Amino acid sequence: MSSSDQVPVPRTANADIALADEAATARLAEAVGASARAGDVILLAGDLGAGKTAFARALVRSVADDPALEVPSPTFTLVQTYDAGRLRIAHVDLYRIADPAEIDELGLEEFSRDGLVLVEWPERAAGLFDFDRLDIHLSVDPDAPEARTAHLIGTGNWAGRLDRLVAVRDALRRLGYGHWHRRFLLGDASARRYECLSGDGRAAILMDSPAMPDPGTGTVVYSRVAHLAETVTPFVAMAHGLRHYGFSAPEIYAADLDAGVLVTEDLGRQGVLDTDGTPIMSRYCAAIDVLAALHRIDLPDAVEAAPGVVHHLPRYDQEAFLIEIALLLEWFAPLVTGGPLPGEAVDAFRALWDDLLYEVTDPARRRTWVLRDYHSPNLMWLPQREGIARIGIIDMQDAVMGPAAYDVASLVFDARVDIADRMWRELYARYVAERQVAEPDFDAEGFDRAFAILAAQRNTKILGIFARLARRDGKPGYLRHIPRVSDYLDHALSHPVLAGLKLWYDTHLPAERRKRVAG
């Protein structure tokens with residue numbers, strides 16, 4: 001076989017973890033469960049009494065978020081299945097398997113595609129699970145019967161996750177939270193992950209955010225040009241800064257900036273939408289009041305994250321705005337047209353935006369903190385607090401110094417929620433009225449022009465981002481938001497200042513064709 005015909009060898013990672021007692025074993029199982037995802041295979045090996053079933057039981061309960069869930073050993077049933085909320089689990093015991101051919105009768109193929117397969121005694125099926133798996137071998141310390149040693153091998157896509165699992169576990173131990181319970185909370189469109197932590201009668205949130213730039217096109221690192229956070233330092237700095245001015249950002253309980261691990265205040269699960277996902281007007285009013293209050297403050301462009309660690313907020317400059325809207329040309333336009341746009345269309349698009357963006361990036365204009373993703377997924381409702389503190393802000397790491405109108409557009413044109421025309425206009429009018437009362441020289445006409453430009457810029461960018469998530473990252477669910485975002489874009493394009501841009505869209509990416517990509 002030539003070298004070009006050889007099957008690539010998957011990457012592996014190894015770790016040896018000492019477990020002092022059964023509680024430590026359960027904490028490791030929780031960490032593995034929090035990192036698990038659909039399609040995973042986890043193989044548990046070890047002698048009788050090594051603790052495989054105890055480990056499996058803790059893992060299943062963790063994923064199901066039910067510490068009292070009955071998890072019997074599948075020694076006699078061979079397979080025990082669970083619909084554990086975010087994951088379906090098949091807990092398998094191969095001890096009684098005499099012939100590997102018998103495994104075909106267990107129906108594991110379905111779980112291996114869209115669920116988690118957890119296997120005890122995997123050596124009875126040697127060679128069956130070749131790629132993308134986590135091997136865990138538990139062994140007893142003969143000098144300490146309660147202690148175990150776990151030898152872990154991550155293969156394929158588990159290799160990087162194992163490295164990160166160990167790094168986060170070590171960081172939590174250094175920060176004094178190694179004995180706390182862990183439960184998966186959510187991941188987002190970035191590399192960040194979140195977990196619920198509980199222990200010592202308290203609750204907290206783990207933010208796992210490894211330092212990682214977002215890859216761009218060619219040699220351009222998108223995150224740096226667009227001024228996106230590549231470490232947790234900006235999050236910590238902005239949380240401190242917002243809290244200093246009386247806003248409800250999470251308190252930082254503990255931080256390992258180098259490891260990208262934070263333990264923060266848990267602001268709860270109550271957001272600004274009702275149980276049907278419909279926006280609650282009173283909470284959106286409170287959220288717009290937060291922006292009006294924030295934008296009245298003369299805010300600094302540097303905030304301390306830790307003693308001696310100062311975060312300087314970058315300017316939301318022309319280059320950043322332009323690389324964001326270029327996502328539409330690279331990712332969204334081909335979905336609409338079936339290929340790249342003609343060169344003259346691309347040149348006209350960029351020329352139009354050059355002129356429009358000069359108005360909102362003019363150095364003579366006053367700049368404020370732009371949080372950038374100020375919308376429903378990142379806003380929590382805190383009814384026990386008062387005034388501007390009733391809105392919890394959980395996403396601020398990408399903050400820049402820029403035009404106030406950007407976050408207003410982000411809120412009233414919420415990319416994931418239908419905001420009725422009347423509602424967003426009332427919210428917009430409320431914001432302008434509050435600014436005018438507090439600042440008699442507030443330029444409402446200039447703000448209106450900036451709002452239209454930035455609403456068009458943001459929704460143009462989001463069309464590109466959602467197309468990229470679907471095509472590059474295998475997340476087609478984001479395409480369902482395209483019709484809504486397209487409608488928001490059309491609202492913005494109706495402003496006279498955007499007449500030229502509207503003509504460009506009508507010519508090259510008309511609304512009816514934009515919406516078809518949702519399927």
Side-chain angles (χ1 to χ4, degrees), residues 13-36 40 42-73 84 87 89 91 93 116 118-122 133-154 158-159 161-185 193-208 253-254 256 259 261-263:
N14 295 265
D16 287 307
I17 298 177
L19 304 169
D21 50 30
E22 187 171 339
T25 300
R27 296 298 82 78
L28 176 59
E30 291 174 1
V32 171
S35 296
D40 278 353
I42 298 175
L43 308 180
L44 284 169
D47 294 334
L48 285 170
K52 299 184 296 298
T53 299
F55 186 100
R57 182 176 297 116
L59 190 151
V60 172
R61 288 174 173 170
S62 173
V63 173
D65 197 15
D66 183 355
L69 179 67
E70 184 176 353
V71 184
S73 171
L87 282 176
I89 301 175
H91 181 194
D93 189 321
L116 169 64
L118 180 62
V119 184
E120 296 185 48
W121 299 97
R133 69 180 189 272
L134 178 66
D135 290 87
I136 303 173
H137 188 279
L138 296 170
S139 58
V140 180
D141 184 342
D143 297 322
E146 294 297 315
R148 301 288 187 272
T149 297
H151 178 62
L152 295 87
I153 304 174
W158 254 108
R161 278 189 282 164
L162 177 57
D163 288 339
R164 189 62 193 164
L165 183 154
V166 172
V168 172
R169 182 178 180 274
D170 290 346
L172 285 175
R173 293 176 66 197
R174 290 192 298 271
L175 297 172
Y177 293 86
H179 62 293
W180 281 37
H181 293 282
R182 298 171 57 177
R183 297 288 186 274
F184 176 87
L185 178 58
R193 292 177 57 260
Y194 299 88
E195 296 178 23
C196 295
L197 299 178
S198 60
D200 302 335
R202 297 185 294 142
I205 297 294
L206 163 67
M207 179 175 170
D208 170 15
Y253 294 148
D256 189 325
V261 174
L262 304 179
V263 178

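All of these numbers come straight from a predicted model, not from anything done at the bench.
Atoms CZ and CG, from R182 and L206 in turn, are 6.0 Å apart once rounded to the nearest 0.5 Å. Between atom CG of residue L43 and atom CG of residue L152 there is a gap of 11.5 Å, rounded to the nearest 0.5 Å. One finds the CG atom of L185 at 5.0 Å from the CD1 atom of I205 (value rounded to the nearest 0.5 Å). To the nearest 0.5 Å, atom CG of residue L118 and atom CD1 of residue I136 are 8.0 Å apart. Atoms OG and CZ, on S35 and R193 in that order, are 4.5 Å from each other to the nearest 0.5 Å. Atom OH of residue Y253 and atom CG of residue L197 lie 11.0 Å apart, to the nearest 0.5 angstrom.
Taking each heavy atom of A13 and A159 in turn, the nearest pair found is CB-O, 3.5 Å. What you find for E22 and A54 is that their closest heavy atoms are OE2-CB, 4.3 Å. Counting all heavy atoms, side chain and backbone alike, W180 lies closest to A204 at CZ3-CB, 4.1 Å. Here the closest non-hydrogen pair linking D256 and A171 is OD2-CB, 4.1 Å. When every heavy atom of H91 is checked against every heavy atom of A56, the shortest pair comes out as NE2-CB, 3.5 Å. Across all their heavy atoms, L19 and A150 have their closest contact at CD1-CB, 4.0 Å.
Under a 3.5 Å cut-off, the side chain of D200 and the backbone N or O of R202 do not form any donor-acceptor pair. Between the side chain of R57 and the backbone N or O of V71 there is at least one donor-acceptor pair closer than 3.5 Å. Remark: the backbone N or O of G46 is paired with a side-chain donor or acceptor of K52 at under 3.5 angstrom.
For the side-chain hydrogen bond (donor to acceptor under 3.5 Å, both in side chains) condition, the pairs that include at least one residue of residues 135-150, sequence neighbours left out, are R133-D135.
Inter-residue side-chain proximity for V140 and D47 is flagged as unmet; no heavy-atom pair is nearer than 4.5 Å. Contact check for L28 versus L165: side-chain heavy atoms found under the 4.5 Å cut-off. Side chains of W158 and V32 form a contact here, defined as non-hydrogen atoms less than 4.5 Å apart.
Scored by the salt bridge (Lys or Arg N to Asp or Glu O under 4.0 Å) test, R27 finds E30 as partners (sequence neighbours excluded). Taking the side chain to side chain donor-acceptor pair (under 3.5 Å) definition, one finds that T53 meets it with E120, sequence neighbours left out. In this structure R173 satisfies the salt bridge (Lys or Arg N to Asp or Glu O under 4.0 Å) test with no other residue, sequence neighbours excluded. In this structure, D170 has no salt bridge (Lys or Arg N to Asp or Glu O under 4.0 Å) partners at least two apart in sequence or on a different chain. Applying the salt bridge (Lys or Arg N to Asp or Glu O under 4.0 Å) criterion to R169, with sequence neighbours excluded, gives no partner residue.
The side chain to side chain contact (heavy atoms under 4.5 Å, CB included) with N14 is formed by just one residue from the set D163, I153, V166; it is I153.
Shown here is D66, whose CG atom has more than 12 heavy atoms of other residues, nucleotides or ligands within 6.0 Å.
Remark: R161 engages D40 in a salt bridge, criterion side-chain N to carboxylate O under 4.0 Å.
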